[in-house]
Peer 1: 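Dropping a structure here in structure tokens format, bear with me for questions.
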Amino acid sequence: MTPTLFGRWQTRVLLLATVGVLVSLPFVMTAPDAEKGIYFWVLAYVAIFGIIWDIVYDRIQKYRWDRDWPAVYQLFAGLWEMVFILCGVKLIGLPAIPKELPLDKFLLHYSAVWFAIFTVSQTLMRVIFVRWRFRGGEWL
């Protein structure tokens with residue numbers, strides 16, 4: 001079943017709050033004291049802006065004949081969201097994240113979180129939570 005908008009939001013927040021936090025912990029533990037909270041702020045901004053972007057993704061999905069969202073679209077969406085967050089940090093300056101954020105650390109962290117969430121959503125979620133797919137991604 002194609003995820004509903006509410007299902008997309010619930011799944012995004014659930015995966016960022018679980019898998020995203022678990023993947024971020026090694027980055028937080030090895031970061032200098034001044035950078036420890038930055039990784040969780042990146043997750044928060046991905047969640048906040050992602051909820052807004054999901055509205056756009058949902059509209060695009062409705063124009064497709066099968067109303068499906070192929071995995072390659074998720075890749076493009078992940079790349080677009082990464083560029084959007086990075087431009088927000090570097091050009092505008094998002095609160096709690098310094099403009100001097102090292103690009104290599106940001107790219108490594110974002111890529112690791114995105115890959116882990118993508119993998120879990122395509123494998124474990126479908127195996128462990130069978131009804132999740134048939135409810136359009138909704139939990140509540």
Peer 1: What about F76 and V46, same hydrophobic cluster or not, with Ile/Leu/Val/Met/Phe/Trp/Tyr joined at side-chain heavy-atom distances under 4.5 Å?
Peer 2: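 Hydrophobic grouping puts F76 with V46.
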Peer 1: Hey, could you give me the CG/CD1 distance between L14 and I117, rounded to the nearest 0.5 Å?
Peer 2: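 Going from the CG atom of L14 to the CD1 atom of I117 covers 9.5 Å.
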Peer 1: If you compare all heavy atoms of V89 against all heavy atoms of P98, which two are closest, and at what distance to 0.1 Å?
Peer 2: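 Looks like CG1-O, 3.6 Å.
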Peer 1: Identify whether V23 and L108 are in the same connected component of the hydrophobic contact network (ILVMFWY, side-chain heavy atoms under 4.5 Å).
Peer 2: yes
Peer 1: What distance do L94 atom CG and Y45 atom OH have between them, rounded to the nearest 0.5 Å?
Peer 2: 5.0 Å
Peer 1: Hey, any chance Y39 and L22 share a hydrophobic cluster, counting ILVMFWY side chains that come within less than 4.5 Å of each other, even indirectly?
Peer 2: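 In one cluster: yes.
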Peer 1: Short question: side chain of K99, backbone of G93 - any donor-acceptor pair under 3.5 Å?
Peer 2: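 No.
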Peer 1: Using 4.0 Å as the upper bound for N to carboxylate O, is an ion pair formed by D54 and R12?
Peer 2: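 A salt bridge links R12 with D54.
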Peer 1: Could you state the interatomic distance from CG (L15) to CD (Q10), rounded to the nearest 0.5 Å?
Peer 2: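 Separation between the atoms: 11.5 Å.
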Peer 1: Of the non-hydrogen atoms in L25 and F40, which two are nearest, and what is the gap between them?
Peer 2: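 Between these two residues, the closest heavy atoms are CD2-CZ, 4.0 Å.
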Peer 1: Let me confirm one number: the CG-CZ distance from L86 to F106, rounded to the nearest 0.5 Å.
Peer 2: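 Separation between the atoms: 5.0 Å.
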Peer 1: Any chance you could measure L79, atom CG, to L75, atom CG, to the nearest 0.5 Å?
Peer 2: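 If we round to the nearest 0.5 Å, L79:CG and L75:CG are 4.5 Å apart.
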Peer 1: What do you reckon, are the aromatic ring centroids of F118 and W114 less than 6.0 Å apart?
Peer 2: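 Yes, ring centres under 6.0 Å apart.
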Peer 1: Test K90 against E100 for side chain to side chain contact (heavy atoms under 4.5 Å, CB included), laying out the working first.
Peer 2: CA-CA 7 Å; K90 296 290 187 180; E100 301 81 31; 5.8 Å; no
Peer 1: Side chain of Y110, backbone of G78: donor and acceptor closer than 3.5 Å?
Peer 2: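 At least one qualifying donor-acceptor pair exists.
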Peer 1: Please examine the side chains of T11 and M125, heavy atoms only from C-beta on, and report whether any two atoms are closer than 4.5 Å.
Peer 2: yes
Peer 1: Identify the heavy atoms of V113 and L16 that sit nearest to each other, and give their distance.
Peer 2: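 Scanning both residues completely, I find the closest heavy atoms to be CG1-CD2, 4.3 Å.
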Peer 1: If every non-hydrogen atom of W41 is compared with every non-hydrogen atom of P95, which pair is closest and at what distance?
Peer 2: CE3-O, 4.5 Å
Peer 1: Do you know the tightest heavy-atom contact between S24 and L43?
Peer 2: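 Taking S24 first and L43 second, the nearest heavy atoms are OG-CD1, 3.4 Å.
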Peer 1: Kindly indicate, with the supporting measurements, whether the criterion side chain to side chain contact (heavy atoms under 4.5 Å, CB included) is fulfilled by L107 and M82.
Peer 2: CA-CA 8 Å; L107 292 175; M82 178 187 66; 3.5 Å; yes
Peer 1: With V120, which of T18, V19, I128 fulfils side chain to side chain contact (heavy atoms under 4.5 Å, CB included)?
Peer 2: V19
Peer 1: Distance check, rounded to the nearest 0.5 Å: E35 atom CD versus F27 atom CZ?
Peer 2: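 Atom-to-atom, E35:CD and F27:CZ are 12.0 Å apart.
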Peer 1: Of Y57, Y73, W53, which is the lone residue that meets ring-ring contact (aromatic ring centres under 6.0 Å, His included) with W80?
Peer 2: W53
Peer 1: Are L103 and I85 joined in one hydrophobic group, where the rule is that I, L, V, M, F, W and Y side chains link up if heavy atoms are under 4.5 Å apart?
Peer 2: yes
Peer 1: How far apart are the closest heavy atoms of K36 and V28, and which atoms are they?
Peer 2: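 The answer is NZ-O, 3.0 Å.
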